[in-house]
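As the structure is a prediction and not an experimental result, all values here were calculated from the model.
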Amino acid sequence: MARKSKVRKTKEVKKSRGLSPADFTFPGEKSSYFGGVAGMAIVFVWLAVMAFFFLKNAAGQRLWYAPVEVLAYPVLAVLIANILAARPRQAEFKKAGRQARVMNNNHADLYRTLVRQASVLGMKTPPDMYLVDDPHPIIFSLPAGKGIIVASQALRQALYPEEFEALIAHEIAHIACKHVRMDMAMTFIRHANVGIKIGLFPVVLMTFFARAWRDLIDFSADRGAMLITLRPAVINAALVKFAVAADPNAGITSEDLQAFLDGQGDIATDSAQMERHFRVGQFMSSQPGLRERVEQLTEFPQTKQGQEAIAKAAEIQGVAVPTFGGPAKRGEDAIETVVDEDEQEIPSEM
């Protein structure tokens, strides 16, 4: 009896571990990141060697600590960039107070979603989350502690509940993959002034050597979100809606976007739907990486990695393994049609 109990306990522990980043990391993401680290390391190892041989004190003795300081500089630069980038963001949710924090007795529905989603990715405790009254549709993560997700009420109101949950799952996947710290440093340095860029030069180097990494981590996080929700169409719809809501110059109303996603009317005969199709397609083409994110997420279930990960995710969540490619759900057919078209034209009568 004791032996059977031990076996059962082992299986339960194994099952509760959840998915790992290896199950959904986009091919090339790790190599891009470590390529950036290697490029930056080569530069600073060379500088450390130069410091060792050429820096001397007044007595002509080598400064043995100089190479150590040079090699510590990149790590310190990333940490400083994180502190500077996080300060205004932390002020936003601290100002909102405890009522903005998602807990079991406050925003209970979101808290249950947070716990469930984190457990699918094997996280023992979910990240903290704050829902702030920002008029702009925002959602982002901070690397502090077990991770912090900050989202606005404006974004929540712009999406269906399942779409908002899909974006939360995307952020949880970023936290699980430990993307947040370096991503935040690289994002900060891109918009920093010249003086800060000079002072945090190692982050500038990392941004140059690993410039493809920031796109690939979104691909990975989208895949992680898909494994949590097992609904790629919902994630694609959420990505498009979020991009439209965040761009004041999109020129697409929420009503028109929803009509497009719902597939209202036949594009071949309904001039209104034809125009929506054109405008959404043009918008997606104008957004860096949006079309590629939709494409790769659509292709993921067809890969061996995707099929194995989907089966594992379904087992963890205790549901049947879903099949993709059957009847299109809301938004799926419309988005895939736009993605598949390289060129779109408005008929002359329009």
Completion exercise
CZ (Phe201) and CE (Met206) are apart, to the nearest 0.5 Å, by 14.0 Å
Handout entry: Min side-chain heavy-atom separation Tyr33-Leu216 under 4.5 Å
Key = no
Exercise for the section: Please determine, by modelled atom types, if Asp183 and His174 share a side-chain donor-acceptor pair under 3.5 angstrom. Expected result: no
Exercise for the section: Identify the two heavy atoms, one from Gln296 and one from Arg223, that lie closest to each other, and give their separation to 0.1 Å. Expected result: OE1-NE, 2.9 Å
Exercise for the section: Any chance you could measure Asp134, atom CG, to Leu155, atom CG, to the nearest 0.5 Å? Expected result: 10.5 Å
Handout entry: Trace of the salt bridge (Lys or Arg N to Asp or Glu O under 4.0 Å) decision for Arg291 with Asp215
Key = CA-CA 12 Å; Arg291 180 183 294 267; Asp215 292 329; over 6 Å; no
Practice task
Determine the minimum heavy-atom distance between Leu121 and Ile172, stating which atoms define it.
Solution key: CD1-CG2, 3.9 Å
Exercise for the section: To the nearest 0.5 angstrom, please state how far the CD atom of Gln117 sits from the CE atom of Met123. Expected result: 10.5 Å
Exercise for the section: Identify the heavy atoms of Cys177 and Phe24 that sit nearest to each other, and give their distance. Expected result: SG-CE1, 3.3 Å
Practice task
Would you indicate whether the side-chain heavy atoms of Asp128 and Ile149 approach each other to under 4.5 Å?
Solution key: no
Handout entry: Val78 with Met40, same ILVMFWY side-chain cluster at under 4.5 Å
Key = yes
Exercise for the section: Say whether Asp218 and His179, considering side chains only, have a donor N or O and an acceptor N or O under 3.5 Å apart. Expected result: no
Exercise for the section: Report yes if some heavy atom in the side chain of Ile168 is under 4.5 Å from a heavy atom in the side chain of Leu110; otherwise report no. Expected result: yes
Practice task
State, to 0.1 Å, how close Met226 and Pro301 come at their nearest heavy-atom pair, and which atoms those are.
Solution key: CE-CG, 3.8 Å
Exercise for the section: Examine distances only and state if a side-chain atom of Ser152 and a backbone atom of His136 form a donor-acceptor pair shorter than 3.5 Å. Expected result: yes
Handout entry: pair Val43-Leu205: side-chain heavy atoms closer than 4.5 Å
Key = yes
Practice task
Decide, yes or no, whether a salt bridge links Arg156 with Asp109 under the criterion of side-chain N to carboxylate O below 4.0 Å.
Solution key: yes
Problem - Common cluster, Ile310/Phe219, ILVMFWY with side-chain heavy-atom separation under 4.5 Å - result: no
Practice task
Could you tell me the separation between the CE atom of Met186 and the CD1 atom of Ile217, rounded to the nearest 0.5 Å?
Solution key: 8.0 Å
Fill in the blank from the handout: So OG1 of Thr125 and NZ of Lys146: to nearest 0.5 Å the spacing works out to 4.5 Å
Problem - Any side-chain heavy-atom pair of Glu162 and Thr229 under 4.5 Å - result: no
Completion exercise
Of all heavy-atom pairs linking Pro202 and Phe44, the shortest is CG-CZ, 3.4 Å
Exercise for the section: Output, in order, the C-alpha distance, side-chain angles, deciding distance and verdict of side-chain contact (heavy atoms from CB on, under 4.5 Å) for Lys312 and Asp23. Expected result: CA-CA 9 Å; Lys312 185 176 178 181; Asp23 292 314; 3.1 Å; yes
Problem - Val102 side chain reached by Thr113 side chain, heavy atoms, under 4.5 Å - result: no
Practice task
Write down the atom of Ala85, the atom of Met184, and the distance for their closest heavy-atom approach.
Solution key: CB-CG, 3.7 Å
Practice task
May I ask you to test the Arg190-Arg214 pair for a side-chain heavy-atom distance under 4.5 Å?
Solution key: yes
Completion exercise
Value for CZ (Arg211) from CZ (Phe208), rounded to nearest 0.5 Å, stands at 4.5 Å
Exercise for the section: Check whether any side-chain heavy atom of Phe242 sits under 4.5 Å from a side-chain heavy atom of Asp247, and report yes or no. Expected result: no
